[in-house]
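Since the structure comes first, as structure tokens, the remarks are kept for the end.
Worth knowing before you read on, the calculation uses all heavy atoms, side chains too, and leaves out hydrogens, waters and symmetry mates. Here the structure is a predicted model, which is why all the values come from computation and not from measurement. Chain A is the first sequence line, chain B the second, and so forth, proteins listed ahead of strands; every chain is numbered from 1.
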Amino acid sequence: MRASKLLLATLKESPSDAEVISHKLMLRAGMIRKLASGLYTWLPLGLRVLRKVENIVREELNKTGAQEVLMPATQPSELWKESGRWEQYGPELLRLQDRHGREFCIGPTHEEVITDMVRNELRSYKQLPANFYQIQTKFRDEIRPRFGVMRSREFLMKDAYSFHIDEASLNETYQEMHTTYCQIFNRIGLDYRPVQADTGSIGGNASHEFHVLADSGEDDIAFSSDSDYAANIELAEAVTAVKARPAAKQDMKLVDTPHAKTINELVEQFSLNIENTIKTLIVHASEESEQDLIALLVRGDHELNEIKAEKLPGVASPLCFATDEEIKKAIGAGPGSLGPVNLSIPCIVDRSVAVMSDFSAGANIDDKHYFGVNWERDVAIPDIADIRNVIEGDPSPDGKGTLSIKRGIEVGHIFQLGKKYSQALNATVLDDQGKATIMTMGCYGIGVSRVVASAIEQNHDDKGIIWPDSIAPFQVVIIPMNMHKSETLKPVAEKLYDDLRSLGIDVLLDDRKERAGIMFADMELIGIPHRIVLGDRGLEKGMVEYKGRRDTDNTDVALEDITQFLKDKLV
RNA sequence: CGGGAUAUAGCGCAGCCUGGUAGCGCAUCUGGUUUGGGACCAGAGGGUCCGGUGUUCGAAUCACCGUAUCCCGACCA
């Protein structure tokens with residue numbers, strides 16, 4: 001490609017609505033342009049990157065024997081009614097009607113369509129396992145699209161769906177996809193981690209997310225220092241380091257705490273250790289409970305994990321915090337003075353709370369706290385559960401090492417779906433007894449457009465993007481200095497350009513009539529990983545200059561060696 | 001959907017408080033001088049000032065009503 005023929009829409013300044021670095025750089029490098037909130041046009045340069053990611057994903061999936069299909073983005077409501085999701089799915093599902101008034105949606109995911117296809121096409125267990133995938137545009141009407149293509153409404157996704165006669169077969173394919181995902185992200189060159197994840201509303205047994213580590217990520221990931229354990233913080237089991245409750249040393253006493261509404265105020269005003277305080281949160285109880293509200297107790301320095309909490313049988317799902325009025329009515333005191341002693345509603349305590357002694361908590365009387373409280377002696381120990389977020393330094397749940405927490409961008413997610421959709425849509429095959437059997441399913445997603453953004457989050461400097469070789473829009477750029485003035489330089493540049501192209505190298509020739517500074521700055525901004533500069537001075541000595549995008553200095557290379565030099569670099 | 005903010009040339013912004021018919025930098029076009037790190041000089045083009053209504057002799061500017069976008073939160077296969 002010649003730069004003079006390429007839409008190089010670079011900007012010196014980034015548009016004011018861009019927040020994260022990848023969004024800014026994609027706009028500045030002329031890779032994308034916004035059409036409306038959460039909707040982006042991929043310009044030629046950006047599309048080249050997107051296609052490269054897509055091809056890596058395709059190649060690796062094809063290796064596993066998965067078969068590519070392409071399903072419509074527009075889906076009839078009937079299928080969604082059959083699975084029950086027409087009602088379940090909220091406003092994130094974009095619904096529309098055709099000219100006959102028939103209802104459709106723009107697919108946020110394709111379980112229904114693929115299950116429909118498979119129930120029509122597959123008849124026998126002998127055709128299983130089968131794995132179908134597509135790379136296709138999804139639409140999710142996000143409440144708040146943000147960060148450019150990182151969380152857009154329309155985005156490119158690879159979604160795969162596997163079908164099995166039993167759980168064992170599903171497990172096998174699931175493991176294979178896990179390995180394949182690792183290969184894909186390795187090939188792209190991302191720093192990522194597979195982590196255990198919540199199965200969420202999709203349901204099913206096992207689930208892993210693949211997270212690219214970056215500060216701009218929207219998820220917290222907990223890792224073990226000494227093992228492979230990694231989990232989304234939503235799921236990571238909180239283990240307390242303290243095994244047994246220390247013996248009581250203090251007497252329980254009622255203290256006036258009129259100006260201490262929050263844990264921090266309490267700790268500050270009474271010189272308490274925050275690890276000896278208890279936070280009492282009141283939420284709605286589940287419908288089968290006798291009372292309307294239930295109290296959840298975590299240590300003062302801990303945070304409630306809402307996903308864990310709403311899975312408890314006594315707690316309403318989705319989690320709903322009680323209002324101040326509801327609390328006052330049920331307990332007689334307002335938030336800020338609540339605790340387990342003389343509490344009129346049921347109560348669940350976190351594991352770490354259960355091993356506390358001589359602790360401080362609200363007295364369920366406005367502006368009063370009890371200090372020196374001890375379980376059993378002062379108040380019966382209630383139900384114990386894991387209801388908090390893990391924190392830095394917690395023991396790893398697998399018993400090896402301690403946890404640290406980093407931010408991650410979710411670029412892939414694999415699920416063991418089970419029979420959720422095959423059951424609803426009655427997708428059966430005949431088993432070896434000739435009996436109709438509901439198939440077991442897995443599903444596997446990669447956010448292709450999100451991968452592009454996350455690669456930038458991990459690979460950039462103050463000059464711009466630094467693409468990994470595998471997904472760079474061009475692998476090499478040739479910058480001839482003053483090509484339009486020099487008689488000797490132009491044929492050399494053209495020949496090198498042709499030679500590299502004939503080797504199958506993706507090369508950009510910057511043949512624009514621009515000054516050196518502009519060419520350098522543009523090529524660095526758009527992140528071409530390898531640069532060759534041709535100048536009259538060097539050519540007189542038969543030398544050209546090479547510079548990797550991360551290098552600080554040029555390397556002089558003899559002109560006759562440069563193709564081999566590059567071939568070695570591009571292995 | 002709750003809270004906060006913004007909307008003026010392709011991009012970044014000023015002007016608004018104190019009403020008088022729109023400006024700066026970058027980008028674009030022309031000519032010239034330059035040419036190894038986002039050049040300089042001279043000239044040119046480009047605006048429903050988000051939309052509507054109102055106040056006024058007169059509205060980018062004041063008032064009201066919309067719309068869009070961004071940030072924080074809740075939400076998120």
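Here B:C11 presents its C1' atom at 14 Å from CG of A:Leu525, a figure rounded to the nearest Å. Straight-line distance from the CG atom of A:Asn554 to the C1' atom of B:G37: 11 Å, rounded to whole Å. A straight line from CD of A:Glu154 to C1' of B:C76 spans 18 Å, rounded to a whole angstrom. Note: CD1 (A:Ile532) to C1' (B:G36) measures 17 Å, nearest angstrom. Atoms CG (A:Leu93) and C1' (B:C75) sit 15 Å apart, rounded to a whole Å. Following rounding to the nearest Å, A:Asp536 (CG) and B:U35 (P) show an atom-to-atom distance of 14 Å. One atom, CG of A:Leu27, and another, C1' of B:G12, lie 13 Å apart when rounded to the nearest Å. Atoms CZ (A:Arg33) and P (B:C11) sit 9 Å apart, rounded to a whole Å.
The base of B:G36 lies outside donor-acceptor range of the side chain of A:Asn482, with no N or O pair under 3.5 Å.
Salt-bridge formation is not detected for the pair A:Lys485/A:Asp536: no Lys NZ or Arg NE/NH1/NH2 atom is positioned less than 4.0 Å from an Asp or Glu carboxylate oxygen. A:Asp215 has no carboxylate O lying under 4.0 Å from a charged side-chain N of A:Arg407, or vice versa, which leaves the two without a salt bridge. The pair A:Lys420-A:Glu111 fails the salt-bridge criterion, with no side-chain N (NZ, NE, NH1 or NH2) lying under 4.0 Å from an Asp/Glu carboxylate O. Ion pairing between A:Arg144 and A:Glu218 fails under the 4.0 Å rule for side-chain N and carboxylate O.
The only member of A:Arg28, A:Arg531, A:Arg550 that meets salt bridge (charged side-chain N to carboxylate O under 4.0 Å, His left out) when paired with A:Glu524 is A:Arg531. Under the salt bridge (charged side-chain N to carboxylate O under 4.0 Å, His left out) rule, A:Asp522 has a single partner from A:Arg512, A:Lys463, A:Lys12, which is A:Arg512.
Here the nucleotide nearest the side chain of A:Arg515, chosen from B:C72, B:C76, B:U34, is B:U34. Of the candidate nucleotides B:G38, B:C71, B:C11, B:G38 has the atom lying nearest to any side-chain atom of A:Thr10. Closest to the side chain of A:Asp17, out of B:G38, B:C70, B:C75, is B:C70. The side chain of A:Lys12 lies closest to B:C26, out of B:C26, B:G25, B:U69. Proximity note for A:Glu13 (side chain, C-beta onward) versus B:C11, B:G37, B:G36: the nearest is B:C11. For A:Glu19, whose side chain is taken as the heavy atoms from C-beta onward, the closest listed nucleotide among B:A39, B:C71, B:C76 is B:C71.
Among the heavy atoms of the strands lying under 4.0 Å from A:Arg531 is at least one base atom, whether or not backbone atoms are also near. A:Ala521 comes within contact range of at least one nucleobase, with a heavy-atom separation under 4.0 Å. A:Met157 comes within 4.0 angstrom of a nucleotide base, judged by non-hydrogen atoms across all strands. Residue A:Ile143 is classed as a base contact, given a heavy-atom separation below 4.0 Å to a base. Within 4.0 Å of A:Glu514, counting heavy atoms only, lies no atom of the nucleic acid at all. Residue A:Pro15 is classed as a sugar-phosphate contact, given heavy-atom separations below 4.0 Å to backbone atoms only. Residue A:Asp159 is classed as having no contact, given no heavy-atom separation below 4.0 Å to the nucleic acid. Looking at heavy-atom distances under 4.0 Å, A:Glu218 makes no contact with the nucleic acid at all. Using a 4.0 Å heavy-atom cutoff across all strands shown, A:Arg28 reaches at least one base atom of the nucleic acid.
Using bins of under 30°, 30° to 60° and over 60° for the plane-to-plane angle, the ring pair A:Phe185/A:Phe210 lands in the tilted bin.
Each of A:Arg537 and A:Ile446 was matched to the nucleotide of RNA chain B holding its nearest heavy atom; the match closer to the 5' end belongs to A:Arg537. Each of A:Val533 and A:Tyr89 was assigned the nucleotide of RNA chain B with the nearest heavy atom; the assignment lying further toward the 5' end belongs to A:Val533.
A sub-4.0 Å separation between OP1 or OP2 of B:C72 and a side-chain N or O of A:Arg144 is present. For the OP1/OP2 pair of B:C11 and a distance below 4.0 Å, the side-chain nitrogens and oxygens of A:Ser14 include no atom meeting the criterion.
Residues satisfying the side-chain hydrogen bond (donor to acceptor under 3.5 Å, both in side chains) test with A:Asp159, not counting sequence neighbours, are A:Gln134, A:Lys138, A:Tyr161. Remark: A:Arg2 pairs with A:Glu494 by the side-chain hydrogen bond (donor to acceptor under 3.5 Å, both in side chains) rule, at least two apart or across chains.
Seen from the ring of A:Phe474, A:Arg48 counts as a face-on cation partner, given the 6.0 Å and 45° thresholds. By the 6.0 Å and 45° rule, A:Arg95 does not stack over the aromatic ring of A:Tyr89.
The base-pairing partner of B:G37, taking Watson-Crick or G-U wobble contacts with both distances under 3.5 Å, does not exist among the strands shown. Across all strands shown, B:G73 forms a Watson-Crick or G-U wobble pair with B:C1, both key distances being under 3.5 Å. Base pairing annotation: B:U48 forms no Watson-Crick or G-U wobble pair, as no partner gives both donor-acceptor distances under 3.5 Å. Base pairing annotation: B:U30 forms a Watson-Crick or G-U wobble pair with B:A42, both donor-acceptor distances under 3.5 Å. Both distances falling under 3.5 Å, in either a Watson-Crick or a G-U wobble arrangement, occur for no nucleotide opposite B:C17.
Rounded to whole Å, the C1' atom of B:A22 lies 23 Å from the corresponding atom of B:A68. Spacing between B:A60 and B:A7 at atom C1', rounded to whole Å, works out to 11 Å. Rounded to a whole angstrom, the distance from the P atom of B:G20 to that of B:G58 is 14 Å. Taking the P atom of each, B:A44 and B:U6 are spaced 36 Å apart, rounded to whole Å. Look at the P atom in both B:C24 and B:C41: the space between them is 15 Å, to the nearest Å. The C1' atoms of B:G15 and B:C49 are separated by 10 Å, rounded to the nearest whole Å. Rounded to whole Å, the P atom of B:G10 lies 12 Å from the corresponding atom of B:G46. Comparing the same atom, C1', in B:C76 and in B:U67 gives a spacing of 26 Å after rounding to whole Å.
Within residues 34-42 of chain A, the residues having any heavy atom under 4.0 Å from RNA chain B are, by residue number, A:Lys34, A:Ser37.
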